[in-house]
Amino acid sequence: MPKHIAVVPGDGAGKEVVPEAVKVLGAVGVELELEDFDIGADRYLATGVALDDATFEQLKAADAVLFGAVGDPRVDEHYAASVLLRMRFEMDLWANLRPARLYDARLSPLRDEKLREVDLLVVRENTEGIYVGAGGRFKKGTPDEVAIQEDVNTYKGVNRILEHAFTRARREVCMVDKSNAMGHAGGLWQSRWKALAPAHPGLATRHLYCDACTMELVRDPSQFDVIVSGNLFGDLLSDLSAQLIGGMGIAPSANVNPDNGKGLFEPVHGSAPKLAGRGIVNPLGAILSAGMMLSHLGFQAEAETIENAVVAAIRAGECTRDIGGDLSTAAAGDAVVKHLKGT
Ligand code: IPM
Ligand code: MN
């Protein structure tokens with residue numbers, strides 16, 4: 001039985017990049033059953049519901065979701081969260097894997113060539129932390145207003161993401177928190193870290209506070225292998241990492257539940273309303289995310305073929321303007337297909 005993939009382009013740039021990822025999947029020779037879902041701001045504006053329960057059940061039943069982006073200037077910013085965060089939370093996609101590899105030295109913003117080598121993975125906790133929406137606003141709109149946003153960390157959630165980070169590492173796991181200022185949450189992260197780290201003698205382990213980690217990422221990103229952190233810090237560190245390899249346009253991600261194998265694969269960039277609709281957005285983040293999906297589904301060789309073709313297209317300058325080429329979104333997708341075939 002071919003794997004059943006729910007394809008959700010979403011809004012803006014998502015609608016332009018997902019077809020390119022689908023194009024590449026079609027060319028790499030894996031038999032998949034793709035089903036398109038129209039989830040986005042147009043539907044939200046028309047019906048008042050961004051993601052209805054019946055559609056959500058279908059997404060949950062799929063083997064994987066190939067996702068673009070959600071977000072639209074016509075609707076408020078909570079709309080994106082109501083779709084994307086709902087999927088992450090309710091499908092319990094607790095590990096967000098965000099690799100950053102420098103595919104071509106010219107894409108590095110760093111001056112010193114020795115420090116450019118980036119090949120790291122941010123393992124971001126994806127279902128807890130400050131993202132859960134706990135808290136409230138009291139005396140709203142008055143000078144006495146109080147806003148509370150609670151950071152929810154559970155033993156189970158922290159333990160499983162730390163353990164998972166070790167399964168992804170080649171040489172080191174660096175745990176990042178802010179336990180010097182956030183002692184309750186940080187205390188739990190620290191205690192699980194201290195309990196788990198010694199069980200992996202083959203891997204180096206290190207802890208950094210989040211502020212120090214941002215500095216080290218810019219000073220010398222080549223030092224990192226796996227960085228594991230909570231939801232918010234992982235969000236920030238993955239954007240920073242993306243910029244070290246050429247920007248948001250080429251950064252992929254996998255939101256997975258390693259227990260039941262479910263996954264949602266999406267470029268790290270959002271709907272980019274300022275760029276969308278002009279045929280200029282970079283499809284490589286989405287294409288690499290489709291590659292991560294194949295790897296997750298067990299098609300390791302095909303995933304590598306896609307990544308190699310992306311690298312070849314970038315090195316040949318056959319890419320969009322944001323990474324130094326002059327191709328349109330569709331032509332950049334075609335270039336990857338061309339390199340897939342080794343021509
Ligand atoms: C991301 C995005 C989301 C996040 C937003 C849209 C809620 O920035 O996928 O990184 O913060 O997780
Ligand atoms: Mn983000």
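Numbers here simply count residues along the sequence, with the first being 1. First listed ligand is number 1; within each ligand, the first listed atom is number 1. Note: hydrogens, waters and symmetry copies are ignored here, and every other heavy atom, side chains too, is used. This structure is a prediction, so every number in the text was calculated from the model and none was measured.
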Practice item. Any chance you could measure Asp104, atom CG, to Ile314, atom CD1, to the nearest 0.5 Å? Key: 7.0 Å
Review point. Mind checking whether Tyr155 and Trp189 have ring centres under 6.0 Å apart?
Key: no
Point to revise | Options Glu266, Arg98, His78, ranked by nearest heavy atom to atom 1 (C) of ligand 1, top entry | key: Arg98
Check your understanding: Looking only at non-hydrogen atoms, which of Leu85, Val83, Val70 approaches atom 7 (C) of ligand 1 most closely?
Key -> Leu85
Point to revise | Asp235 to ligand 1, any heavy atom closer than 4.0 Å | key: yes
Check your understanding: Got a donor-acceptor contact below 3.5 angstrom from the Asn231 side chain to the Tyr131 backbone?
Key -> no
Practice item. Please check if atom CD in Glu117 has more than 12 non-hydrogen atoms from other residues, nucleotides or ligands closer than 6.0 Å. Key: no
Study note, to complete from the structure: Counting from 1 in the order shown, the ligand 1 atoms closer than 4.0 Å to a non-hydrogen atom of Arg124 are 1 (C), 4 (C), 10 (O), 11 (O), 12 (O)
Check your understanding: Does a side-chain heavy-atom distance below 4.5 Å link Glu307 with Leu294?
Key -> no
Check your understanding: Heavy-atom distance under 4.5 Å between the side chains of Lys23 and Ile287, does that happen here?
Key -> no
Check your understanding: Any idea which part of Arg88 is under 4.0 Å from ligand 1, heavy-atom wise: side chain, backbone, both or neither?
Key -> side chain
Study note, to complete from the structure: With heavy atoms and a 4.0 Å threshold, my read on which part of His269 contacts ligand 1 is neither
Practice item. List the closest protein heavy-atom neighbour of atom 6 (C) of ligand 1: residue, atom name, distance to the nearest 0.1 Å. Key: Leu84 CD2, 4.3 Å
Point to revise | Distance from atom 11 (O) of ligand 1 to nearest protein heavy atom, with residue and atom | key: Tyr131 OH, 2.6 Å
Review point. Hey, is the Mn ion (ligand 2) within less than 2.8 Å of some N/O/S atom on Asp239?
Key: no
Practice item. Assess the side chains of Ser179 and Gln190: does a donor N or O sit below 3.5 Å from an acceptor N or O? Key: yes
Point to revise | Atom name in Asp235, limited to N/O/S, at shortest distance from the Mn ion (ligand 2) | key: OD1
